[in-house]
Peer 1: 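Once you've had a glance at the structure underneath, I'll fire off some questions.
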Amino acid sequence: MVRVTTPGVRLLPNAITVLALCAGLSSVQFALIGNYPMAIASIGIAAVLDSLDGRIARLLDATSKMGQELDSLSDGISFGVAPALVLYVWHAEGERIGWVASLIFAVCMILRLARFNTLIEDTAQPPYAGEFFVGVPAPAGGLLAMLPLILELQFGQGWWSHQYVVWVWTIAVAALLISRIPTLSLKTVKAPAKAIAPLLVGVGLLAAAIIQFPLVALAIALVLYLAHIPYSVYRQRWLAKHPEAWMAPPRERRAIRRSSSRRRLGLRPPLRRVVAGAAQRVRLQRGEQHVARTPRTITSEKDRDNGRGPRRRSWRRIGLRKR
């Protein structure tokens, strides 16, 4: 069946992108009047809207070249220019090094988005490449740059709010933006049916934490995002070494990972055909009867010389009573 998309429906994703752009620019206006909590909230709202416009466009079959370009321009302003200006207004105090750090962050954000657009059209990438971003994505980078400001608003002044620490942190985040470090993409994460209910409970708890403790919840989320980067690097390298797991579902990937870890450690899979116990029975193939092992016999040299057969093991000789 051919889906007919009306012009109004095709306009909806672009409208969401424009709203994200307005939210990002509004953070600068809030910073100029000293309302830094609203400046952080505006960038957070822009990040939420940015995650929705692409998904809605794919669901409505309303993707277009104009929408892709508009999304990139919106990300560059909302997560590159706006955070740089907010940090400059907050902590630069007219110093040149602050403006240099802000420029470096904004330029690295634009370069990161330009590389992202070129990688979309690259068809020579392996199948697992869609599970990762190359470098930190734009919304996460914009919020990570605001982490020192979030900590000062929540915990007051400290080493994290020192002027030079802030600018070093800004440049470090800018380096993560243009780096080749793989980071996980939530677009390809699939939850099993059994995990849907726990995930919904977790979403409710997260919403409650954001409502009651917004700055603390945001800071914890950003720290956890930084902590996941080593796992993302390990997973990307493991997939590169195991082509058989590229198209496999999560359950089969776990089985491949367990088997490869056993081979690396030199372990053999457990034997499942022999059952230990008093009877010492042997499992035969399906459809056959179980055969009990007879007690082990001992043949001495004297018995073999006299032509006698094997004799049974003496339970008294080994110190056990026969049941």
Side-chain angles (χ1 to χ4, degrees), residues 13 16-17 20 24 43-60 63 67-76 78-80 83 108-145 147 173-192 195-196 199 202-203 206 218 220-243 245-254 256-257:
I16 295 176
T17 304
I43 295 178
I45 293 172
V48 173
L49 294 175
D50 178 72
S51 64
L52 293 177
D53 56 359
R55 288 178 172 85
I56 293 176
R58 287 187 291 270
L59 287 175
L60 299 178
T63 57
Q68 295 179 1
E69 298 298 331
L70 181 61
D71 183 71
S72 297
L73 293 174
S74 174
D75 291 349
S78 300
F79 309 119
C108 289
M109 180 65 72
I110 299 300
L111 292 176
R112 186 257 180 277
L113 294 170
R115 183 180 62 186
F116 177 78
N117 292 337
T118 57
L119 290 177
I120 291 178
E121 301 176 356
D122 188 5
T123 59
Q125 296 183 5
Y128 67 86
E131 302 181 14
F132 304 93
F133 289 115
V134 181
V136 175
L143 291 173
L144 283 173
L147 185 58
V173 175
L176 288 177
L177 291 171
I178 61 174
S179 67
R180 307 291 299 183
I181 298 176
T183 55
L184 290 179
S185 173
L186 297 179
K187 299 178 182 179
T188 58
V189 175
K190 297 181 180 179
I196 291 178
L199 284 176
V203 170
L206 179 61
L218 183 57
I220 293 175
L222 293 176
V223 172
L224 291 177
Y225 183 83
L226 288 175
H228 103 282
I229 293 179
Y231 167 75
S232 179
V233 174
Y234 162 77
R235 182 173 177 177
Q236 193 267 349
R237 292 180 178 178
W238 184 86
L239 286 174
K241 295 179 181 178
H242 296 82
W246 288 359
M247 306 300 293
R251 181 177 298 180
E252 295 183 8
R253 281 190 179 182
R254 290 192 293 267
I256 296 172
R257 188 179 294 109

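Along the sequence shown, residues carry numbers from 1. Because the structure is predicted, anything quoted here is derived from the model rather than measured.
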Peer 1: How many angstroms lie between atom CG of L177 and atom CZ of F133, to the nearest 0.5 angstrom?
Peer 2: 12.5 Å
Peer 1: Would the distance check show the side chain of S179 and the main-chain N or O of G135 forming a donor-acceptor pair, the cut-off being under 3.5 Å?
Peer 2: no
Peer 1: Counting distance only, does the side-chain N/O of R115 pair as donor-acceptor with the main-chain N or O of I178 below 3.5 Å?
Peer 2: yes
Peer 1: Write out all pairs satisfying side-chain hydrogen bond (donor to acceptor under 3.5 Å, both in side chains) with one or both partners inside residues 48-57, taking only residues at least two apart or from two chains.
Peer 2: T17-D53
Peer 1: If you compare all heavy atoms of A174 against all heavy atoms of C108, which two are closest, and at what distance to 0.1 Å?
Peer 2: O-CB, 3.6 Å
Peer 1: Just how far is it from atom CG of L239 to atom CZ of R237, taken to the nearest 0.5 Å?
Peer 2: 13.0 Å
Peer 1: Do F132 and S185 pass the side-chain contact (heavy atoms from CB on, under 4.5 Å) test, and can you show the C-alpha distance, the side-chain angles, and the key distance before you say yes or no?
Peer 2: CA-CA 5 Å; F132 304 93; S185 173; 5.9 Å; no
Peer 1: In Å, rounded to the nearest 0.5 Å, how long is the span from CG of L113 to OG of S72?
Peer 2: 6.0 Å
Peer 1: Quick one: CZ on R112 to CG on N117, what's the gap to the nearest 0.5 Å?
Peer 2: 9.5 Å
Peer 1: Is there a side-chain contact (heavy atoms from CB on, under 4.5 Å) between V136 and V173? Walk through the geometry before answering.
Peer 2: CA-CA 8 Å; V136 175; V173 175; 6.0 Å; no
Peer 1: On a heavy-atom basis, which atom in Q236 and which in P182 lie closest, and how many Å separate them?
Peer 2: CB-CG, 3.8 Å
Peer 1: Is the shortest heavy-atom distance from the side chain of L184 to the side chain of R235 under 4.5 Å?
Peer 2: yes
Peer 1: Can the ring centroids of H228 and Y231 be said to lie less than 6.0 angstrom from one another?
Peer 2: no
Peer 1: Decide side-chain contact (heavy atoms from CB on, under 4.5 Å) for T183 and Y225; before the verdict, give the C-alpha distance in whole Å, the side-chain angles of both, and the deciding distance to 0.1 Å.
Peer 2: CA-CA 9 Å; T183 55; Y225 183 83; 3.7 Å; yes
Peer 1: Where do G24 and A46 come nearest, in terms of heavy atoms and distance?
Peer 2: N-CB, 4.0 Å
Peer 1: Got V134 and F116 here, is their nearest side-chain heavy-atom distance under 4.5 Å?
Peer 2: no
Peer 1: Mind checking whether P13 and R58 have side chains closer than 4.5 Å, heavy atoms only?
Peer 2: no
Peer 1: Could you state the interatomic distance from CG (D71) to CD1 (I16), rounded to the nearest 0.5 Å?
Peer 2: 11.0 Å
Peer 1: Out of curiosity, L226 CG to L147 CG, how far, rounded to the nearest 0.5 Å?
Peer 2: 7.5 Å
